Amino acid sequence: MYRIGIDLGGTNIAAGLVEVCGELFRFAARKSIPTRAPRAPEELAAEIAQISRQLAIEGGVSYEEIPDIGIGAPGMICEGVILYSNNLQLHQVPFAQMLQKHAGKPVFLENDANTAALGEFFGGAGKACRSMEMITLGTGIGSGLILNGKIYTGENGFGGEMGHMLLYPGGRRCTCGAKGCLEAYCSATALAEVSRQAMQRDLKSVMWEICGGDPKQANGRTAFDAMRRGDLMGRRVVLRFLQDLAIGIANTIRLLQPESICLGGGIAQEGDWLLQSLRPRIAKLMIGQPEQTLPQLCTAKLGGDAGILGAALLGQKKGEPT
């Protein structure tokens, strides 16, 4: 069966026509265009409907054969409504209903972190698991929880938001307005800011050279790159990051005990080194739980395809359009 998945981001709209057969999938067609946010939601819905029809043509499939359209969008999503999306500058918009009107098909709308988690669970690092928490370490921290093959969002649609777990009460201000969220310490944005502050404390740090003498060029990888070159300040930044992330993951394990925890986003490209550094720190925090019973820790495999695949699967996995 062919399904359409849309990953609606603040910068780009990535779309795919996906052929799904049991546990196998392939992309029959893809498209990516600029989102051009902010703009009127009706205009955005009309363009996504047009993209969906183009995908069917390019994939050699009758548009009428496609049962529904799935879409992942950033922000707070509940029952087909974008309640709040800072990236898209949309608030209280019944976007699923709008898109359904233009596309002429049932539409499934979900938070983009949840759709990425579903895609990774179905076709990536979580394929052999029954339950998985995916944590995306990007501009912010997105997370999605998959239980028995389905997205878990709680009673109000907002469950599983690990990025806004309170790590240090009264600590750094988060973009959500609260102080001390995990996102304010372990996102790529936070890591870049900590690196800039560290550079000001150590004018001899290799991070200056990596950034070409401009602290504004620091990003989530700067401290890691400096550490690999033997830079003490870069190492300090990374070690603090590792400990904070380990605390967040340990809290998640205490509460949920998933079979697997999958790390995605740019920072996760540190790969095996990151996993090997986190595992003993997490185990040390899990007093009373034998290390062999802890969830497996892995990195995402699908990259940007996870969001498209997960969105395409929404109709199959959720069952009723919203």
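Below, all heavy atoms of this structure are taken into account, side chains as well, without hydrogens, waters or symmetry copies. Computed from a predicted structure; not experimentally measured.
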Hey, could you give me the [atom1]/[atom2] distance between [X] and [Y], rounded to the nearest 0.5 Å?
| X | Y | atom1 | atom2 | answer |
| --- | --- | --- | --- | --- |
| Leu297 | Thr299 | CG | OG1 | 8.5 Å |
| Met286 | Asn251 | CE | CG | 8.5 Å |
| Gln100 | Leu109 | CD | CG | 11.5 Å |
| Ile33 | Thr11 | CD1 | OG1 | 13.0 Å |
| Ile282 | Leu242 | CD1 | CG | 9.5 Å |

Heavy-atom distance under 4.5 Å between the side chains of [X] and [Y], does that happen here?
| X | Y | result |
| --- | --- | --- |
| Glu110 | Leu118 | no |
| Thr139 | Asn87 | no |
| Cys129 | Gln296 | yes |
| Ser85 | Val93 | no |
| Met162 | Leu182 | yes |
| Gln269 | Arg221 | yes |
| Met132 | Glu259 | no |
| Arg30 | Asp305 | yes |

More than 12 non-hydrogen atoms from neighbouring residues, nucleotides or ligands closer than 6.0 Å to [atom1] on [X], yes or no?
| X | atom1 | answer |
| --- | --- | --- |
| Lys105 | NZ | yes |
| Asn148 | CG | no |
| Arg240 | CZ | yes |
| Arg130 | CZ | no |

Determine, stepwise, if the pair Met1 / Val20 fulfils side chain to side chain contact (heavy atoms under 4.5 Å, CB included).
CA-CA 5 Å; Met1 179 176 287; Val20 182; 5.5 Å; no

Should the ring pair Phe25 and Phe122 be called parallel, tilted or perpendicular, given that the plane angle runs from 0 to 90° and is split at 30 and 60?
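Answer is tilted, since the angle falls between 30° and 60°.
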
After noting the C-alpha distance and the side-chain angles of Arg172 and Glu193, does the key distance pass the salt bridge (Lys or Arg N to Asp or Glu O under 4.0 Å) rule?
CA-CA 11 Å; Arg172 298 176 195 158; Glu193 178 58 29; over 6 Å; no

According to a hydrophobic-cluster definition based on side-chain heavy atoms being under 4.5 Å apart (Ile, Leu, Val, Met, Phe, Trp, Tyr only), do [X] and [Y] belong together?
| X | Y | value |
| --- | --- | --- |
| Val61 | Leu55 | yes |
| Leu302 | Phe27 | yes |
| Phe121 | Tyr152 | no |

Taking His164's backbone N and O only, do any of them form a donor-acceptor pair with Glu183's side chain (distance below 3.5 Å, no angle check)?
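No.
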
Can any side-chain N or O of Asp231 pair as donor or acceptor with the backbone N or O of Val206 at less than 3.5 Å?
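Flag set: sc Asp231 to bb Val206 pair under 3.5 Å.
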
Glu47 and its salt bridge (charged side-chain N to carboxylate O under 4.0 Å, His left out) partner, picked from Arg53, Lys31, Arg39:
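Exactly one option meets the salt bridge (charged side-chain N to carboxylate O under 4.0 Å, His left out) with Glu47, and it is Arg39.
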
State plainly whether the residues Arg279 and Glu291 are in salt-bridge range, i.e. N to O under 4.0 Å.
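Salt bridge flag = no for Glu291 with Arg279.
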
Run the side chain to side chain contact (heavy atoms under 4.5 Å, CB included) check on Ile267 and Phe224 step by step: do they pass?
CA-CA 9 Å; Ile267 296 175; Phe224 285 94; 4.1 Å; yes

Flag for Asp112-Thr115: side-chain donor and acceptor within less than 3.5 Å:
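Checked: Thr115/Asp112 side chains show no N/O donor-acceptor pair below 3.5 Å.
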
Pair Met233, Leu203 - check side chain to side chain contact (heavy atoms under 4.5 Å, CB included), show working.
CA-CA 10 Å; Met233 185 57 74; Leu203 300 180; over 6 Å; no

